[in-house]
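Below is one structure, written out as structure tokens; the observations come after it.
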Protein chains: 2
Amino acid sequence: MSGDAQISRLKPGRRTDIRRENERAILEAAEKVFAEAGFGGATMQLIADMAGLPKANLHYYFATKEDLYRRVVQQIFEIWLDAASSFDDAPGPVEGIGAYIDAKMDISRTHPHGSKVWASEVMHGAPVIQDYLETTLRDWTDGRIAVIQRWIDEGKMAPINPRHLLYMLWATTQHYADFGHQIQTLNDGRPLSDKEWRDAKASVKDMVLRGIGAI
Amino acid sequence: MSGDAQISRLKPGRRTDIRRENERAILEAAEKVFAEAGFGGATMQLIADMAGLPKANLHYYFATKEDLYRRVVQQIFEIWLDAASSFDDAPGPVEGIGAYIDAKMDISRTHPHGSKVWASEVMHGAPVIQDYLETTLRDWTDGRIAVIQRWIDEGKMAPINPRHLLYMLWATTQHYADFGHQIQTLNDGRPLSDKEWRDAKASVKDMVLRGIGAI
DNA sequence: CTTCACCTTGACCATACGGTCAGGAAATGA
DNA sequence: TCATTTCCTGACCGTATGGTCAAGGTGAAG
């Protein structure tokens, strides 16, 4: 068993490749369609077309529309959590929160669809990922609140409410993805350039770090 | 004609009352359903049930689902703009931006559904209110940027980028409506109490006003 | 070559949805 | 009272959607 597994990992075999590649293409298309149309507005047909597969093939890899949606949301949540590591091992708020803002702003730029799907899911009452909110997210939040409180106790920042600081960080960074269309419209219809993204990141970091008395 | 109009305004007449009351009930139900299910997930039947009317009656007052949706979004946008007046006639950022944060946080608490519908609309590319973004919102934004820039020039706040300050204000205040479910989950499943809302408002104002060097 | 597990897909189905309509009820004004 | 406008609604329709299925294709192993 384990020998076979190793061999198939080294020499993947076309079968495995097909499955992996098709699932990847479907998930990528699904993320985009769910983000642009919402769960209710998205259709399996549209996802199939975008993935370049017949609709029946989608149901071969993902039993139901809800299963596919669940996978998309979970995928995003994991990216989300990975970025959270920026927070850890930082000596103080300037480094920790600064790196976290950088990471989340980068995700907003590279994964705008995922951010929208997440936002939509939460706005509709988190019917699919409620358990994640109650376990993983709550634990993560509590841990980060403790870190921030420690920084406050050590006099490295002003005594603000750590919970509302986290909300502000989430809101502000994800805004650039979720409301990207509005931002683009107010930017004369053009997407933010590299320079404008750097300005955005710098502005957010400046306002937040100054706002918590870290600089 | 004008005489009749005046009379019917003073003594409304049952006809007018019926229309106004039914339209109000439909719009209220629609706002909630659109917020909870998105445009695609909402059904006219569900809105009708929630408004206590047969579905066919909805189509008597609103020709299509899209017409009804459009009215809901417009309604929200107007509430939005009214709050913006907090910004004007303020001697400086502490009063102006402070009042704006107060007003927007209050709206997030009293009109969470509307905020979600707006967010959903923008996230999906603003198919219905794109023209509002390009005209009314852009003009409003430009005006407010000018005001902020004046405050900066007068030395009343730090030289931050006014545009990104506005984005932060929108993001942070609306987060309490759009992500209210997540906030409630992280609050042990309970909605924010009066005191917790006061804390939230105070925290946001404190961080923002300190962040822009106004206090 | 044969076998077998895995993949592919056109055709099909039941359902639910937005929207229509005809005919009746109710209110208003003359 | 009668005529007219407005309002109400059950029944209906065409369409689009999520999902199914049976039949066939394809590559790897023996």
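Naming: A, B, ... by sequence-line order, numbering from 1 per chain.
Contact annotation: B/R19 reaches the phosphate of D/dC7 (side-chain N/O to OP1 or OP2, under 4.0 Å). Put simply, A/Y60 has no side-chain N or O that comes within less than 4.0 Å of OP1 or OP2 on C/dT8.
The separation between A/D49 atom CG and C/dT9 atom C1' is 14 Å, rounded to whole Å. One interatomic measurement links the two molecules: CG of A/D17 to C1' of C/dC7, which rounds to 14 Å at whole-angstrom precision. Rounded to an integer number of Å, the gap from B/L58 CG to C/dC17 P is 14 Å. Between the CZ atom of B/R20 and the P atom of D/dC7 there is a distance of 12 Å, given to the nearest Å. Protein atom CG of B/L68 is 15 Å distant from nucleotide atom C1' of C/dC17, rounded to whole Å. C/dT8 atom C1' lies 9 Å from atom CG of A/L53, rounded to whole Å. At whole-Å resolution of the value, CD in A/Q45 and C1' in D/dT15 are 14 Å apart. Taking atom CD on A/E21 and atom C1' on C/dC6, their separation rounds to 17 Å, with Å as the unit.
A heavy atom lying under 4.0 Å from DNA chain C marks the following residues of residues 22-41 of chain A, by number: A/N22.
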Please set out all donor-acceptor pairs under 3.5 angstrom arising from side-chain atoms of residues 96-108 of chain A, sequence neighbours excluded.
from   : atom 1 : to     : atom 2 : distance (Å)
A/Y100 : OH     : A/W170 : NE1    : 3.0
A/D102 : OD1    : A/K205 : NZ     : 3.2
A/D102 : OD2    : A/K205 : NZ     : 2.9
A/K104 : NZ     : A/Q174 : OE1    : 2.6
A/D106 : OD1    : A/K201 : NZ     : 3.0
A/S108 : OG     : A/K104 : O      : 3.4
A/S108 : OG     : A/T173 : O      : 2.7

Side-chain donor-acceptor pairs under 3.5 Å in residues 42-51 of chain A, sequence neighbours left out?
from  : atom 1 : to    : atom 2 : distance (Å)
A/T43 : OG1    : A/L46 : N      : 3.0
A/Q45 : NE2    : A/D49 : OD1    : 3.1

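Counting any heavy atom pair closer than 4.0 Å across all strands shown, A/Y61 reaches sugar-phosphate atoms only and no base atom. Residue contacts for B/A48: at a heavy-atom cut-off of 4.0 Å it reaches no nucleic acid atom on any strand shown.
Ranking C/dT8, D/dC8, D/dT17 by closeness to the A/T43 side chain, first place goes to D/dT17.
Using a 30° and 60° split on the angle between ring planes, A/W197 and A/Y176 fall in the tilted class, from 30° to 60°.
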Could you go through nucleotides 19-23 of chain C and list every protein N or O atom that sits under 3.5 Å from one of its N or O atoms, giving the distance for each pair?
from   : atom 1 : to    : atom 2 : distance (Å)
C/dG19 : OP2    : B/K65 : N      : 2.7
C/dG19 : N7     : B/K55 : NZ     : 3.1
C/dG19 : O6     : B/K55 : NZ     : 2.7

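Residue pairs meeting the salt bridge (Lys or Arg N to Asp or Glu O under 4.0 Å) criterion with at least one partner in residues 60-76 of chain A, sequence neighbours excluded, are A/E66-A/R70. Residue pairs meeting the salt bridge (Lys or Arg N to Asp or Glu O under 4.0 Å) criterion with at least one member in residues 107-122 of chain A, sequence neighbours excluded, are A/R109-A/D194.
Although no hydrogens or angles enter the test, the distance criterion places a donor-acceptor pair under 3.5 Å between the side chain of B/Q184 and the main chain of B/G189.
When the side-chain hydrogen bond (donor to acceptor under 3.5 Å, both in side chains) test is applied to B/S193, the partners found at least two apart in sequence or on another chain are B/E196. Applying the side-chain contact (heavy atoms from CB on, under 4.5 Å) criterion to B/P112, with sequence neighbours excluded, gives B/A177. Listed by chain and residue number, B/H175 satisfy the ring pair (Phe, Tyr, Trp, His ring centres under 6.0 Å) test with B/F179 (two or more places apart in sequence, or in another chain).
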